[in-house]
Amino acid sequence: MTGERRSIYLTTPIYYVNDKPHIGHAYTSLAADVLARWHRMSGHDVHFLTGTDEHGQKVEKAAEARGMDPQLFTDTVSQSFRELAVRMNYSNDDFIRTSEERHKRACAALWQRLEANGEIYLGHYEGWYAVRDEAFYGPDEIMEKDGQKFAPTGAPVEWVREPSYFFRLSQWQEKLLAFYEANPDFIAPQTRRNEVMSFVKSGLTDLSISRTSFKWGVKVPGDEAHVMYVWLDALTNYITALGYPSETEALWRFWPADVHFVGKDILRFHAIYWPAFLMAAGLPTPRRVFAHGWWTNEGQKISKSLGNVIDPLALIDEFGLDPVRFFLLREVPFGQDGDFQRKALVGRLNGELADALGNLANRTLSLIQRNCEGTLPAPVAAPTEADTAFLTATGHADAAGSPAWLVEKVDALLNEQKFDAALTLIFTSIREANGYITREQPWALKKTDLARMRDVLRHLHDALRVFATVLRPFMPETMEKLLDQLAVPAGARDLAALTTPLPEGVALPPPSPLFQKIQDAAA
RNA sequence: GGUGGUGUAGCUCAGCUGGUUAGAGCACGGCACUCAUAAUGCCGGGGUCGGCGGUUCAAGUCCGCCCACCACUACCA
């Protein structure tokens with residue numbers, strides 16, 4: 001909101017096609033989507049990327065097990081993530097797949113650049129390898145049961161010895177630490193930053209970045225017996241999508257990324273390997289990696305074996321899309337773990353969306369409809385003390401109608417990815433508006449002071465417009481509907497437009513409820 | 001074991017660099033109102049701010065120790 005138009009690049013992880021989309025995928029992308037929408041509404045130039053990670057031995061084996069060609073297999077599974085994006089109403093500008101040609105080109109180019117810079121050497125790797133985890137384990141980590149050896153994660157391991165290219169990660173330890181020091185906001189939240197830094201301090205070893213044990217991956221340039229390590233492959237997607245290696249391409253203006261949204265399980269790859277790769281290649285590093293927490297389901301850890309995986313599509317079917325979007329970001333501070341409780345979702349939907357916001361809109365608009373011939377009253381010339389207090393509380397810096405502080409505060413919070421705090425703030429204002437209408441009693445004023453009644457309703461309309469606008473990134477469909485009811489023109493729904501009051505006399509359509517409440521029999 | 005973090009009303013949590021009677025939402029009780037999706041507003045009950053000790057004129061807010069839980073990481077039988 002500072003005025004100048006910035007290029008903003010936001011990403012989700014590319015999701016591994018081994019899995020069906022679940023609440024975790026939906027959550028990460030949702031956060032990115034809300035921020036992307038907010039920045040667009042602020043007038044910035046936004047690029048929002050999501051996609052699928054399709055290489056690796058696990059995928060190769062899964063395809064094989066189905067008797068399918070890996071490309072065909074990933075075509076199918078990738079589709080379910082595209083569908084999720086559509087159903088969740090994500091506004092992604094691109095959807096990348098690592099099996100695409102453009103990506104293979106980018107990976108090869110990055111590899112060659114690293115190689116030219118002397119960051120890669122050929123060695124060999126041997127050790128206990130778990131296909132399921134795509135990871136090697138030390139001999140001391142292996143447990144044996146019934147003749148089969150297992151990793152600490154429970155994945156079966158096998159002894160693998162193969163030639164491998166290595167990335168000189170060990171050379172980057174001090175540079176990484178200096179980088180973290182110089183960029184204290186690079187890893188968020190802070191507690192994750194501490195973890196990463198202490199991990200790096202404990203020592204980094206060179207990273208094996210190629211495999212010869214399977215074929216389904218990006219071929220190493222000049223040595224096609226090798227495919228690239230999945231994480232080198234996967235991380236590169238963020239620059240592939242901007243046209244790398246062509247740094248003159250228009251999209252390249254978006255690099256470096258503003259925020260890489262990731263789950264806490266893959267923070268290490270993004271906060272250690274990725275900046276190391278980039279620095280080694282002489283490319284700018286992203287501004288921030290934000291690691292969010294995990295959801296539990298009614299207090300229980302979510303796992304496939306427990307069968308309590310949360311399907312976002314089922315939630316949408318039951319509660320509606322926007323209440324689900326709202327709940328996920330409202331309920332839990334972004335970055336912390338959260339517990340998904342049906343009761344809590346119903347409480348938010350009924351109490352905050354339907355009762356506080358929806359009902360405020362409905363009562364206000366009904367009064368205008370009935371007592372102002374359905375047209376918008378004029379902007380208020382002489383606000384009372386109560387009006388001024390109200391305008392201040394609901395985000396208007398002054399009676400002139402500039403919606404300064406609420407928008408700016410929300411902007412500041414969203415720039416730190418504090419979605420829950422932003423929503424808390426907005427709903428405090430909404431509560432304030434309910435207090436105002438109850439105190440001013442426009443329904444009584446219609447018998448005693450029509451002019452005053454019109455002023456009160458105008459103020460409420462202005463406040464609702466602010467609420468609908470700042471909530472639009474969180475609940476796009478429903479807030480568009482509210483803005484329709486408020487008769488805010490389509491071209492006047494961004495943040496800058498809030499400083500221009502709607503003209504008097506605009507015709508308002510008859511209101512209808514925005515949110516459907518859930519009647520739960522259970523307490 | 002190491003490192004980091006958390007522990008504040010029944011529940012979920014705010015409380016920046018220490019400073020008047022510790023806050024919010026939900027839940028609960030009472031009152032008011034009736035424009036509105038039986039919605040809303042106001043008032044209230046309820047907290048030894050994990051425990052002990054210390055620094056200070058003054059400590060949820062700083063220091064030490066202890067307890068519980070969480071995260072990352074190491075390791076041992």
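Proteins get letters first, then strands, A, B, ... in listed order; numbering begins at 1 in each.
The existence of a salt bridge linking Asp355(A) and Arg431(A) is excluded, since no basic side-chain nitrogen approaches an acidic carboxylate oxygen closer than 4.0 Å. Of the charged side-chain nitrogens involved, at least one lies within less than 4.0 Å of a carboxylate oxygen, so that Arg493(A) and Glu480(A) count as a salt-bridged pair. Taking a cutoff of 4.0 Å between a charged side-chain nitrogen and a carboxylate oxygen, Arg342(A) and Glu318(A) qualify as a salt bridge. A salt bridge links Arg452(A) to Asp387(A): one of the charged nitrogens lies within less than 4.0 Å of a carboxylate oxygen. Using a 4.0 Å cut-off between charged side-chain N and carboxylate O, Arg211(A) and Asp233(A) make no salt bridge. In summary, Glu298(A) and Lys343(A) do not engage in a salt bridge, as defined by a charged side-chain N under 4.0 Å from a carboxylate O. Salt bridge Asp206(A)/Arg168(A): absent, no basic N to carboxylate O contact under 4.0 Å.
Under the 3.5 Å distance criterion, the side-chain polar atoms of Asp185(A) are left unmatched by any main-chain donor or acceptor of Arg288(A). Of the possible donor and acceptor atoms, none in the side chain of Thr478(A) sits under 3.5 Å from a partner among the backbone N and O of Met475(A). Of the possible polar contacts, one joining the His25(A) side chain to the His22(A) backbone as a donor-acceptor pair under 3.5 Å is found.
At whole-Å resolution of the value, NZ in Lys343(A) and P in rC26(B) are 15 Å apart. Whole-Å rounding puts the Ile272(A) CD1 to rC72(B) C1' distance at 11 Å.
With RNA chain B read from its 5' end, the first of the two nearest nucleotides for Thr428(A) and Ala356(A) is the one closest to Thr428(A). Annotation: of the two residues near RNA chain B, Glu195(A) and Tyr436(A), the 5′-most nearest-nucleotide partner is Tyr436(A).
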For nucleotides 6-15 of chain B, print each protein N/O atom paired with a nucleotide N/O atom at under 3.5 Å, atom names and distance only.
none

N/O to N/O distances under 3.5 Å, protein versus nucleotides 34-38 of chain B:
| from | atom 1 | to | atom 2 | distance (Å) |
| --- | --- | --- | --- | --- |
| rC35(B) | O2 | Arg363(A) | NE | 3.3 |
| rC35(B) | N3 | Arg363(A) | NE | 3.4 |
| rC35(B) | N3 | Arg363(A) | NH2 | 2.7 |
| rC35(B) | N4 | Arg363(A) | NH2 | 3.0 |
| rA36(B) | OP1 | Arg370(A) | NH2 | 3.4 |
| rA36(B) | O3' | Asn362(A) | OD1 | 2.9 |
| rA36(B) | O2' | Asn359(A) | OD1 | 2.5 |
| rA36(B) | O2' | Asn362(A) | OD1 | 3.3 |
| rA36(B) | N1 | Arg363(A) | NH2 | 3.2 |
| rA36(B) | N3 | Asn359(A) | ND2 | 3.2 |
| rA36(B) | N3 | Arg363(A) | NE | 3.0 |
| rU37(B) | N3 | Phe515(A) | O | 2.8 |
| rU37(B) | O4 | Leu514(A) | N | 3.0 |
| rU37(B) | O4 | Phe515(A) | N | 3.0 |
| rU37(B) | O4 | Phe515(A) | O | 3.4 |

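RNA chain B contains the following stems of three or more consecutive Watson-Crick or G-U pairs, with both distances under 3.5 Å: B:1-7 with B:67-73, B:10-13 with B:23-26, B:28-32 with B:40-44, B:50-54 with B:62-66.
Between Lys446(A) and Pro442(A) there is no side-chain heavy-atom pair separated by less than 4.5 Å.
Applying the 90° cutoff around 0 to the glycosidic angle, rG60(B) is assigned syn.
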